[in-house]
Protein chains: 2
Amino acid sequence: MPYQALSDRGVTHPDVRRANLGLVLRHLRDHGPRSRASLAADLRMTRSTVSTLVSELIERCLLTDGPLVQSAVGRPGTAVELDGHAVCGIGAEINVNHVSTMALDLRGRVVGDRKLALDARSMDSTIVLGHLADLVRETVDRLDEEGVQTVGLTVGVAGLYDRTRDVLTHGPNLGWYDVPVGAILRQELGGSFPIVVDNEGNLAAAAEVIPGDAGRQDMLVLHGEIGVGGGIVSGGRLLRGSHGFAGEFGHMIVEPGGRQCACGRQGCWETVSGLRALLELAADPDDPIRNPTMALDDRLAEINRRAGLGDARTLQALEDVATWVGTGAAILVNALNPATIVLTGYYAAVGHHMRTAIEQALRAGVLAPDAGGTQVELSVLGFSAAVRGGATAALESVFADPTRVPRRSASAPV
Amino acid sequence: MPYQALSDRGVTHPDVRRANLGLVLRHLRDHGPRSRASLAADLRMTRSTVSTLVSELIERCLLTDGPLVQSAVGRPGTAVELDGHAVCGIGAEINVNHVSTMALDLRGRVVGDRKLALDARSMDSTIVLGHLADLVRETVDRLDEEGVQTVGLTVGVAGLYDRTRDVLTHGPNLGWYDVPVGAILRQELGGSFPIVVDNEGNLAAAAEVIPGDAGRQDMLVLHGEIGVGGGIVSGGRLLRGSHGFAGEFGHMIVEPGGRQCACGRQGCWETVSGLRALLELAADPDDPIRNPTMALDDRLAEINRRAGLGDARTLQALEDVATWVGTGAAILVNALNPATIVLTGYYAAVGHHMRTAIEQALRAGVLAPDAGGTQVELSVLGFSAAVRGGATAALESVFADPTRVPRRSASAPV
DNA sequence: CACTTTTAGTTCAGGTGACGGTCAAACTAG
DNA sequence: CTAGTTTGACCGTCACCTGAACTAAAAGTG
């Protein structure tokens with residue numbers, strides 16, 4: 001009989017410890033550094049309990065004592081804060097024209113950032129994954145020399161990733177079908193840290209969660225490039241669906257009998273809200289912004305420039321596309337009632353010219369008054385959202401169970 | 001400073017006890033009666049721990065010793081099973097033409113079922129709620145005399161119920177706007193058990209969850225009547241959205257510029273997939289099945305009869321509507337990737353004639369091959385789904401924390 | 001039939017870890 | 001300098017899970 005994950009198992013005393021260690025760690029992440037005494041007040045624990053928890057977290061190099069904090073009267077407390085110097089999580093991304101990695105420390109700071117340009121379509125998948133493994137190995141080894149332990153790797157791929165079978169079933173952009181990405185990478189990199197593979201859009205969505213921000217716990221994240229995708233966050237957690245295929249918004253049919261889509265269907269949302277629709281509306285075929293060899297950032301900058309100058313055609317194109325974005329988003333808002341819609345990808349770049357029309361279409365298409373209170377925001381993460389989300393997901397395991405990081409010698413006094 | 005729910009608080013030893021008591025209770029619910037020893041094996045706890053947990057649950061009248069079970073060799077164990085005789089949860093529903101309640105015991109058996117016909121539109125909301133409170137009070141008092149304690153009431157209303165403000169903001173069917181249903185009922189009924197109000201469609205969706213059935217943990221529940229609504233279940237939990245407005249599928253615009261909807265928009269899904277669309281396609285205005293005074297069940301039975309006899313117009317109408325149901329469902333399946341779509345309301349009644357066309361439209365409209373593995377099923381709960389879901393939701397609090405039910409004297413030996 | 005084996009359920013000592021009280025330390029206010 | 005306040009460490013107490021020992025009840029064996 002194969003290993004079967006039991007639905008649940010009994011809670012033991014070490015579980016209590018784990019839960020409380022995680023609670024302290026997450027509280028410091030979500031609400032910033034503070035003294036042991038205020039931690040105790042916030043978390044309704046006794047000061048003695050917090051003291052032992054904090055000292056254990058310090059032994060595990062996850063916290064450090066910080067500056068003294070004085071509050072009105074009494075003995076000042078010593079603030080404790082997250083220690084970024086012991087562990088990191090790594091996020092990676094496999095795209096058509098590059099593979100890249102990003103390492104984040106416990107505080108969410110970038111401590112490693114690699115990118116390798118390649119043409120994935122012309123190469124075998126194992127070769128591409130080998131290159132990615134090299135990038136990861138270099139990052140891990142370098143950080144290891146600095147005493148930083150890698151706690152996990154989360155890889156984002158463009159396509160349908162079946163999490164139940166751990167296989168990329170459909171990666172049309174990469175030309176990959178039924179590739180067991182996770183298994184191949186685990187073989188390449190060994191088992192010193194867990195390796196998880198997920199859909200790129202889902203990871204980018206996860207990156208938009210801001211711990212402690214109520215408006216960022218129920219989100220619809222819309223990612224626009226040539227294709228349109230994204231993710232759904234509910235109660236701070238990513239909604240993946242039964243196989244992990246959730247978030248394929250681009251192929252919702254919003255206009256039956258509408259424009260032909262690359263997927264073979266007609267009227268998919270991305271045919272009217274994707275980057276191609278915007279470019280075709282905004283410019284003639286010989287216009288430089290429709291030159292595919294030009295860098296995307298530059299083309300978007302040019303669109304912004306023209307819109308800023310009041311160019312009628314550009315503004316109209318942005319408005320038309322924005323109306324479709326809002327119309328499609330309204331469908332999802334009726335179903336999901338998110339607190340926030342976060343626009344990423346090219347939407348984030350030119351979104352300030354689209355926002356009004358999006359919000360208008362949203363109010364028109366959502367049953368609940370005022371679009372059910374849903375706010376539209378532009379992402380500030382840029383195109384690194386997916387790798388950042390991957391690294392964050394890897395770090396999440398430490399916040400969930402700090403005992404995954406081994407105890408080291410207590411802080412050596414100098 | 002008002003009471004502020006802290007994001008989290010420390011885990012204490014009594015919490016361990018609570019968690020383990022709940023674990024045992026839920027395991028018996030999900031997997032059926034079994035001996036203490038097999039509980040220990042399933043939950044990875046020691047037999048001694050299970051023994052104390054079980055005896056505490058018996059003291060709280062939530063479990064009883066059952067028959068002996070013999071397995072091959074060795075001493076037979078005494079199975080323990082859920083005891084239905086101590087507590088119940090109550091679900092209620094406020095509809096245009098009736099208010100109703102249903103009480104379920106811990107095993108999910110119906111121990112009370114009341115219904116009062118009334119015309120809600122012609123009455124003040126407080127009067128209607130007074131009638132509902134009477135119904136609930138009678139049920140609670142009767143059960144109380146039998147020694148059954150009510151642990152909670154969950155009320156479903158048709159309309160947009162804002163869970164953050166605890167107010168029915170928009171109830172067009174009832175003609176209710178900004179009615180604080182929860183507060184009114186709490187005043188009527190006193191505070192002896194918690195009262196929660198939720199959207200009817202959401203509760204009906206929650207009722208479709210089958211504990212322990214993997215295919216019923218990630219669901220899209222579609223409820224068809226004149227309007228179309230439903231709910232989303234993710235990981236066994238209802239997705240409510242930031243204000244509780246999730247699940248308003250009927251007003252997704254699936255056909256821009258399409259048929260006029262009662263909500264004022266054009267092309268809403270319910271204009272092509274609701275009961276009215278089916279009736280108008282299937283029969284002329286003077287046909288008895290379009291007679292609104294005739295009971296809905298009878299009209300649906302007549303449609304089934306005609307379809308069964310092979311009537312071309314009826315079959316074509318069912319197929320046309322089913323194609324729209326599948327087309328709209330495909331939009332949501334792309335976004336959510338549920339394991340199962342459960343059809344309720346009139347869909348459940350005539351769904352066996354719609355299923356093929358729905359599945360075909362689903363496969364055509366979902367990016368993932370084979371509709372992402374999503375299965376279409378017909379609900380067997382009928383029109384009582386919402387009250388049943390409400391009662392289940394109320395009982396859930398006991399499964400989450402069995403210590404909510406007080407200890408009584410140990411089983412009196414006769 | 002007595003005896004061994006196997007499984008079930010209870011009892012009790014032991015260990016983990018949170019709680020609560022005490023106390024020294026460190027600061028402010030008068 | 002003294003009184004008052006808050007912090008953080010230390011320690012006894014208590015809740016509750018674990019594991020070993022023990023009894024109970026069945027089947028199999030000679």
Side-chain angles (χ1 to χ4, degrees), chain A residues 8-24 33-60 63-81 401-403 407 410-411, chain B residues 8-24 33-60 63-81 401-403 407 410-411:
Chain A
D8 270 315
R9 59 186 75 176
V11 179
T12 66
H13 278 133
D15 293 328
V16 174
R17 190 73 176 167
R18 261 189 287 276
N20 282 334
L21 288 168
L23 209 55
V24 168
R34 59 199 56 211
S35 70
R36 291 164 175 81
S38 51
L39 274 172
D42 294 346
L43 300 173
R44 307 271 174 91
M45 299 197 277
T46 56
R47 293 201 308 277
S48 47
T49 304
V50 172
S51 266
T52 66
L53 291 169
V54 165
S55 64
E56 179 171 344
L57 289 169
I58 289 175
E59 276 181 56
R60 293 186 192 277
L63 294 183
T64 48
D65 277 319
L68 292 180
V69 284
Q70 182 64 44
S71 61
V73 55
R75 172 179 163 179
T78 51
V80 286
E81 54 191 6
D401 176 11
T403 62
R407 278 185 154 103
S411 58
Chain B
D8 271 314
R9 59 186 76 173
V11 179
T12 66
H13 281 133
D15 292 328
V16 174
R17 189 76 176 165
R18 260 189 287 277
N20 283 333
L21 288 169
L23 210 55
V24 169
R34 58 197 57 210
S35 70
R36 293 164 174 81
S38 51
L39 275 172
D42 294 347
L43 300 173
R44 308 271 174 91
M45 300 197 279
T46 57
R47 293 200 309 276
S48 49
T49 306
V50 172
S51 265
T52 65
L53 291 169
V54 165
S55 64
E56 178 170 345
L57 289 169
I58 288 176
E59 276 181 55
R60 295 185 192 276
L63 293 183
T64 48
D65 276 319
L68 293 180
V69 284
Q70 182 64 45
S71 61
V73 60
R75 170 179 167 180
T78 51
V80 286
E81 54 191 6
D401 176 11
T403 63
R407 276 187 156 102
S411 59

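Throughout, protein chains are lettered first and strands after them, A, B, ... in sequence-line order, and every chain is numbered starting at 1.
Looking at heavy-atom distances under 4.0 Å, A:T78 makes contact with sugar-phosphate atoms alone, never a base. Residue contacts for B:V50: at a heavy-atom cut-off of 4.0 Å it reaches no nucleic acid atom on any strand shown. Using a 4.0 Å heavy-atom distance criterion, B:S35 is classed as a sugar-phosphate-only contact.
Rounding to whole angstrom units, CG of residue B:L53 and P of C:dG9 are separated by 14 Å. D:dC17 atom P lies 8 Å from atom CG of B:L21, rounded to whole Å. In this structure, the CZ atom of A:R47 is 11 Å from the C1' atom of C:dT22, given to the nearest Å. Rounded to an integer number of Å, the gap from CD1 of A:I58 to P of D:dG8 is 11 Å. To the nearest angstrom, P of D:dC16 lies 16 Å from CG of B:L23. Rounded to an integer number of Å, the gap from A:D15 CG to D:dT18 C1' is 13 Å.
In the interface, the side chain of B:R75 is paired with the base of D:dA24 through a donor and an acceptor atom under 3.5 Å apart. In terms of polar N and O atoms assigned as donor or acceptor, the side chain of A:T52 never comes within less than 3.5 Å of the base of C:dG17 in a complementary pairing.
In this structure, B:R36 and B:T78 have side chains that are in contact, with non-hydrogen atoms separated by less than 4.5 Å. Between A:L39 and A:L53, every side-chain heavy-atom pair lies at or beyond the 4.5 Å cut-off. Side-chain contact between A:S51 and A:R47 is absent, with no heavy-atom pair separated by less than 4.5 Å. Taking 4.5 Å as the limit, some side-chain heavy atom of A:T52 sits within range of a side-chain heavy atom of A:R17.
The closest donor-acceptor contact from the side chain of B:N20 to the backbone of A:V11 lies under 3.5 Å.
When distances are taken from the side chain of B:R17 to each of C:dG21, D:dC16, C:dG17, the shortest belongs to D:dC16. Counting only heavy atoms from C-beta on, B:P14 has its side chain closest to D:dC16 among D:dA27, C:dC19, D:dC16. Distances were taken from every side-chain heavy atom of A:H13 (C-beta onward) to each of C:dT10, C:dT11, D:dC17; the shortest belongs to D:dC17. For B:T49, the side-chain atoms get nearest to D:dC17 when compared with the rest of D:dC17, C:dC19, D:dG8. Of the candidates D:dC17, C:dG9, D:dA20, C:dG9 carries the atom nearest the B:A37 side chain, counting heavy atoms from C-beta on.
For C:dG17, the OP1/OP2 oxygens have no side-chain nitrogen or oxygen of A:N20 closer than 4.0 Å. Taking only side-chain nitrogens and oxygens, A:S51 comes nearer than 4.0 Å to OP1 or OP2 of D:dA9.
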